[in-house]
Amino acid sequence: MPEPGRFGVLLGGTGLLLPAGLVCEFVDEADVHPVPGGPPRLRGLMQRDGRPLPVFGVSPATTFARQRLRVLVIGRGRDAAALEIDFPPEPVEPIAPRDETASCPEAYPPGALDRAWRCAGHEEVFWEFEPFRLFGLLGGRR
């Protein structure tokens, strides 16, 4: 069972179970600037602590204009990156693993998500994931 006191977010309609102890920050209206020629899932760059920070989404970008996005910044300094999320993080209580044969949502690259959990009070399942592996896959690294 995952540790109690976990948080989850929705990313492209899919629940993600944030790892326990993860250093992260919710930003409601991040100013994101496009990167021409960047990977399809790269929304652009935002400024954080005087540094450019990549912002990723699960689906390919549909606009190449400056945007205000709801994001979750994960990590610190040069290792930080952000995910475009649907809603602010909220407490979730994993109660049972979902069937091992459950397939990963199609929008995610293979290997991006791990085990799925049913959570109390939620219809959607929440998937465990390793944030920096997910960033690499969304950015086109294999």
Side-chain angles (χ1 to χ4, degrees), residues 1-35 38-142:
M1 272 307 263
E3 302 85 355
R6 300 286 293 272
F7 284 80
V9 296
L10 290 180
L11 175 59
T14 299
L16 297 181
L17 187 60
L18 299 175
L22 181 70
V23 174
C24 59
E25 176 186 359
F26 171 67
V27 181
D28 194 31
E29 290 190 6
D31 191 16
V32 179
H33 298 264
V35 177
R41 292 182 170 121
L42 178 66
R43 296 293 182 260
L45 298 174
M46 64 181 278
Q47 286 289 326
R48 202 80 191 143
D49 299 325
R51 297 179 189 265
L53 185 76
V55 178
F56 294 97
V58 70
S59 60
T62 57
T63 183
F64 296 101
R66 184 175 170 186
Q67 304 175 71
R68 290 247 186 236
L69 300 176
R70 181 176 286 155
V71 303
L72 186 68
V73 176
I74 297 175
R76 291 187 178 147
R78 294 183 182 275
D79 294 328
L83 290 171
E84 178 185 12
I85 58 176
D86 302 341
F87 300 101
E90 62 178 279
V92 294
E93 180 186 347
I95 54 175
R98 185 168 174 200
D99 182 350
E100 289 292 332
T101 62
S103 59
C104 182
E106 287 183 25
Y108 288 80
L113 304 180
D114 298 323
R115 191 172 200 182
W117 290 88
R118 296 187 190 286
C119 293
H122 293 273
E123 290 182 22
E124 62 276 319
V125 297
F126 283 78
W127 291 81
E128 290 182 303
F129 73 108
E130 199 293 307
F132 297 102
R133 183 179 69 217
L134 178 61
F135 288 140
L137 292 169
L138 293 175
R141 283 185 268 145
R142 298 276 169 205

Separation of [Y] [atom2] from [X] [atom1] (nearest 0.5 Å):
X: Arg70; Y: Ile85; atom1: CZ; atom2: CD1; value: 7.0 Å
X: Arg6; Y: Glu93; atom1: CZ; atom2: CD; value: 12.5 Å
X: Met46; Y: Glu84; atom1: CE; atom2: CD; value: 12.0 Å
X: Phe126; Y: Leu16; atom1: CZ; atom2: CG; value: 8.5 Å
X: Leu10; Y: Glu90; atom1: CG; atom2: CD; value: 7.0 Å
X: Glu130; Y: Phe135; atom1: CD; atom2: CZ; value: 9.5 Å

Quick check: closest heavy atoms across [X] and [Y], and the distance to 0.1 Å?
X: Cys24; Y: Ile74; answer: CB-CG1, 4.2 Å
X: Tyr108; Y: Leu11; answer: OH-O, 2.8 Å
X: Leu69; Y: Val55; answer: CD1-CG1, 4.4 Å
X: Leu113; Y: Pro105; answer: CD1-CD, 3.7 Å
X: Phe26; Y: Pro89; answer: CD1-CD, 3.8 Å
X: Leu138; Y: Gly57; answer: CD2-O, 3.8 Å

Would you check if the side chain of [X] reaches a backbone N or O of [Y] as a donor-acceptor pair within less than 3.5 Å?
X: Arg43; Y: Ala82; answer: no
X: Arg41; Y: Val58; answer: yes
X: Arg68; Y: Glu29; answer: yes

Does the side chain of [Y] come within less than 4.5 Å of [X]'s, by heavy atoms?
X: Cys119; Y: Val125; result: no
X: Gln47; Y: Asp31; result: no
X: Val71; Y: Leu53; result: no
X: Leu83; Y: Leu134; result: yes

Might you confirm whether atom CG of Asp49 has over 12 heavy atoms from other residues, nucleotides or ligands at distances under 6.0 Å? no
